[in-house]
Amino acid sequence: MSRRQYPFHLIEPKWQQAWDEQQTFRAFNPGDSVPGHHPFGQRHQLAGKTPTAAELPAKYYILDMFPYPSGAGLHVGHPEGYTATDILARYRRAAGYNVLHPMGWDSFGLPAEQYAVKTGQHPRITTEQNIANFTRQIKSLGFSYDWSREVATTDPDYFRWTQWIFLQIYNAWFNPETSKAESINTLQYPADCDTEEKKRAYRDSKRLAYVSEAPVNWCPELGTVLANEEVIDGKSEVGGFPVLRKPMRQWMLRITSYAEKLLADLDTIDWSDSLKEMQRNWIGRSEGAEVDFQVAGSSEKIRVFTTRPDTLFGATYMVLSPEHKLLKVITTEEQREAVGDYQAFAATKSDLERTELAKEKTGVWTGAYAINPVNGEKIPIWIADYVLASYGTGAIMAVPAHDTRDFEFAQKFNLPVVQVVQPNDPKTGWQGFTDDGVSVNSGFINGLPTPEAKRKITAWLEERGVGKKTINYKLRDWLFSRQRYWGEPFPIVWKNGQHAALPESALPVLPPTLEDYKPTPDGQPPLARATDWVNLPDGSKRETNTMPQWAGSCWYYLRYLDAKNGSGFVGSEAESYWMGSSSSSTITSQPTTKSTPGVDLYVGGTEHAVLHLLYARFWHKVLFDLGHVSTPEPFFKLVNQGLILGEDGQKMSKSRGNVVNPDDVLKEFGADAFRLYEMFMGPLQDTKPWNTRGVEGVYRFLGRVWRLFVDEKSETEFEQAETVAADAQSQRELLDLIKVDARIQHSAATPAQLKTLHTCIKKVTEDLEAMRFNTAISAMMVFVNEAMTWEAKPLAALKTFLQLLAPFAPHVAEELWDRLHSAFPIPRAALVYAPWPKFDPALLVESEIEIPVQVNGKLRDVIKVAADADTAAIEAAAKASEKVKAFLDGKAIKKVVVVPRKMVNIVAG
RNA sequence: GCCGGUGUGGCGAAAUGGCAGACGCACAGGACUUAAAAUCCUGGGACCAUAAAAAGUCGUGUGGGUUCAAGUCCCACCACCGGCACCA
């Protein structure tokens with residue numbers, strides 16, 4: 001190991017301890033009393049007071065996606081986002097905001113449960129150990145979290161409110177009239193609901209949380225069902241195990257009611273286009289029409305969904321999904337066996353097989369015919385598994401000429417192909433043409449371009465009552481129950497086959513203690529083992545499913561606002577202060593401070609693009625509709641940090657052996673160097689490989705910063721004394737041996753020095769606003785490289801530089817800040833809350849500037865002119881250049897382009 | 001297949017349409033040192049040329065285009081990464 005650049009090993013624990021003891025990063029809620037000694041209070045003249053929301057400065061809520069505390073501990077990917085948010089949190093504090101920057105634990109989850117199954121040890125123990133390790137690691141990085149707001153989803157004081165929110169959802173329905181969730185009590189019953197039993201059934205069919213018997217994604221290996229979003233290519237997202245379709249009784253949340261709002265409100269939030277696009281694709285809105293086809297020789301009708309009603313004249317057959325209800329009725333005697341066999345074949349296919357075999361179309365004829373409503377033609381009805389039961393109506397009209405899948409199917413089974421759309425480009429063939437064109441062979445819509453043809457034929461269908469305009473979504477309801485132990489139990493009991501909510505007074509519903517955490521031999525969830533717990537005195541039984549891991553993460557950002565509240569999931573005053581959009585009036589002295597509704601900045605990985613982020617938005621909207629929160633969206637601005645790859649450029653993984661452990665990096669280079677490197681690697685959003693040599697680079701930079709401030713001779717004395725010191729405590733006391741460099745003086749800076757400093761202030765400030773951390777750091781490197789050459793180092797300039805450095809490398813900045821205040825008779829102020837420096841544009845003005853001169857677009861010389869030189873003067877100076885003259889020799893000047901302060905281009909020929 | 005993103009030195013990267021490669025890594029030479037480490041200084045896209053230089057030519061994935069001027073804007077294509085994928 002090379003020589004230590006500066007005593008970070010003593011400085012970092014020292015300041016972490018000081019921040020902890022002084023609760024430096026505590027965020028104050030309206031109604032909290034601000035201790036007299038707290039630097040936040042001193043900065044904002046609130047010391048010893050109990051400010052209201054209006055008296056507090058503008059809020060800034062900056063949030064990290066809380067981690068699952070795994071046994072493996074932190075890897076270098078976690079702190080990337082955390083460092084970015086920490087830098088911004090510190091910057092915003094300095095800028096005068098009341099900053100909320102919390103951390104917590106998404107601590108329910110499978111690994112702790114699997115360990116419990118193996119060892120019999122309660123998952124809570126594993127979870128607590130892992131949280132302790134994560135806490136240690138995160139704290140060692142010097143992040144400015146307000147730990148007094150720490151939450152863990154596994155804490156009963158937390159999940160009682162997760163259960164409470166579930167009850168709000170359970171006791172609500174989506175009123176299509178108002179487009180809002182409302183209390184189930186506002187539900188109007190149809191006339192035929194004339195008994196209590198019928199009313200109950202109707203009510204239960206409308207709740208936002210309901211029970212379904214539908215086929216679900218069953219993963220035998222994990223012993224649980226999974227949500228559609230948790231199944232990737234027919235395999236479980238966790239572990240990659242096969243997933244089967246299996247009918248089971250499950251809790252569902254009616255997220256589909258919110259499809260339109262979830263889609264539309266994406267336009268109101270500041271997320272990356274790619275992320276919004278992923279959510280849009282997942283919601284999958286498509287406009288089209290439902291059309292009824294009469295079954296020939298039967299009173300039955302088959303309803304299909306199509307996005308291309310204009311191709312109705314080209315429908316040459318029809319396809320039902322193998323699960324379609326009408327198959328029983330319409331299948332002819334001769335085809336019954338073939339259809340039955342095919343249904344069995346499709347049912348046994350796992351999702352994986354369905355996906356893998358997707359290339360080859362399969363299906364059988366039902367023997368039945370349908371009548372095409374536009375031309376009365378008889379077309380055969382088939383079944384095939386390329387039609388999904390769960391989308392649209394589970395049935396389609398097949399237009400092989402203009403749909404790729406129908407075309408493949410028609411080819412295989414020799415079904416007729418009829419052209420009904422003519423491509424606009426005559427060179428394009430019509431077979432398999434799926435884009436817009438002009439209708440042909442289509443009766444009354446002939447000659448119409450596709451959009452108009454759609455409108456006209458839809459109107460025609462509506463007039464005759466055989467079809468109507470419809471919107472469909474790919475989004476499915478959220479499968480919300482899991483057959484797990486380590487999750488929130490449902491606050492639900494069953495009696496006589498009916499479910500009922502437990503009263504709020506029964507919360508939290510704690511999971512029972514078990515000897516064995518496996519599912520029961522007959523396939524019941526683990527909770528079913530606890531018969532004492534399951535069976536209640538009145539004969540009812542508890543629900544034995546638990547909630548999925550996503551439940552706790554759907555609202556944790558709200559709990560942070562008021563983490564200790566015992567009477568509600570969040571207090572309304574705290575909620576409206578931190579989530580509301582109204583700017584505080586007391587911040588008028590800071591014109592740049594402006595707050596946004598909801599979480600001001602949310603940073604996390606892309607892996608949550610459609611799971612967590614969609615679920616949390618859904619819950620938030622329900623809570624908004626029910627009046628519990630004040631904004632329709634939870635996360636105003638969201639940024640995804642990029643992946644950090646191993647040194648080999650591959651994804652970090654244990655099996656590749658390229659995982660970098662932050663603990664090792666910290667030990668050798670310290671937290672400040674680690675933080676700085678994570679940000680210096682490149683833009684936050686980019687994927688980038690780790691390089692330990694790069695850490696050394698920023699570490700050397702911090703060493704130069706240190707040497708800019710301290711006397712080298714005293715540093716050497718310290719190092720010699722330190723090597724023989726008995727323990728860390730006596731080593732730390734030796735730090736006082738290090739003296740401030742004698743060249744630092746309480747004197748005025750030269751114009752050149754001020755320019756260097758203010759260039760740096762400007763660049764760092766602008767880059768922080770735009771989250772360009774890498775270039776901000778390079779600006780500070782430029783400053784230090786320059787300042788190292790100064791013979792006299794003005795105190796004020798160096799102090800200001802430390803403020804710029806502080807968000808990035810807070811420990812070394814605090815230490816040097818502290819030393820300057822000890823060495824000079826200047827009033828002591830807390831670095832964390834010291835007002836952010838402002839740059840003075842007047843100091844950046846140049847009297848003379850260099851301007852490049854091009855001839856025919858090629859650089860030929862650089863000339864010096866007065867900064868305010870006008871076009872004519874610059875042109876004259878350019879033409880006077882000897883080098884330029886050489887290139888103009890013998891040529892006529894055709895044109896001269898002069899951009900004042902920028903460049904000159906002489907066009908000659 | 002569809003959607004989104006990214007392609008710049010040996011490497012990580014930087015550049016409101018206006019001097020491509022800031023800053024850092026690695027590398028080379030020098031200073032300090034008995035020596036090394038650390039530190040400090042200097043150099044550096046490629047090609048051509050040269051004793052050394054100067055000058056010159058080329059250069060931001062490929063091919064076109066717009067412009068006095070293109071890494072940046074437009075069109076077509078290629079490669080890689082991420083997401084979705086029989087969604088009618």
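What you see is a predicted model; the values in this text were computed from it and never measured. In what follows, every chain begins at residue 1, and chains take the letters A, B, ... in the order their sequences are listed.
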Checklist entry - With a 4.0 Å cut-off, would you call A:Lys755 and A:Glu846 a salt bridge? => result yes

Checklist entry - Which pairs with one or both residues in residues 640-652 of chain A pass salt bridge (Lys or Arg N to Asp or Glu O under 4.0 Å), sequence neighbours excluded? => result none

Is [X] near enough to [N] that one of its side-chain N or O atoms lies under 4.0 angstrom from OP1 or OP2?
X	N	answer
A:Arg280	B:rG83	no
A:Arg860	B:rG56	yes
A:Lys858	B:rC58	yes
A:Lys688	B:rG12	no

Checklist entry - Looking only at atom types and distance, does a side-chain atom of A:Ser881 sit under 3.5 Å from a main-chain N or O of A:Ala877, one as donor and one as acceptor? => result no

Checklist entry - A:Thr428: what forms a side chain to side chain contact (heavy atoms under 4.5 Å, CB included) with it, not counting sequence neighbours? => result A:Pro423, A:Asp425, A:Phe433

Checklist entry - For A:Pro689 and A:Leu275, take the nucleotide of RNA chain B holding the closest heavy atom to each; which residue's nucleotide lies nearer the 5' end? => result A:Leu275

Checklist entry - Can you list every pair that meets ring pair (Phe, Tyr, Trp, His ring centres under 6.0 Å) and has a residue in residues 887-909 of chain A, with sequence neighbours left out? => result none

Checklist entry - Where does B:rG9 land, syn or anti, given syn is within 90° of 0? => result syn

With [X], which residues qualify under side chain to side chain donor-acceptor pair (under 3.5 Å), at least two apart?
X	answer
A:Thr606	none
A:Lys412	A:Glu360
A:Arg656	none

Next on the checklist: For the P atoms, the ones on B:rC47 and on B:rA53, what distance do you get once it is rounded to whole angstrom?
Outcome noted: 14 Å

Item to check | Pairwise P distance for B:rG71 and B:rG59, with rounding to whole Å | outcome: 10 Å

Checklist entry - Which letters describe nucleotides 16-25 of chain B, given B = protein heavy atom under 4.0 Å from base, S = only from sugar-phosphate, - = neither? => result B-BB--BBSS

Item to check | Quiz item: A:Lys361 side-chain donor-acceptor pair to B:rC86 base, under 3.5 Å | outcome: yes

Item to check | Bracket notation of RNA chain B in which parentheses pair within the strand, [ ] cross earlier pairs, and | pairs with another strand (Watson-Crick or G-U, under 3.5 Å) | outcome: (((((((..(((.....[....))).(((((.......))))).(((........)))..(((((..]....))))))))))))....

Item to check | With sequence neighbours excluded, residues passing salt bridge (charged side-chain N to carboxylate O under 4.0 Å, His left out) with A:Arg707 | outcome: none

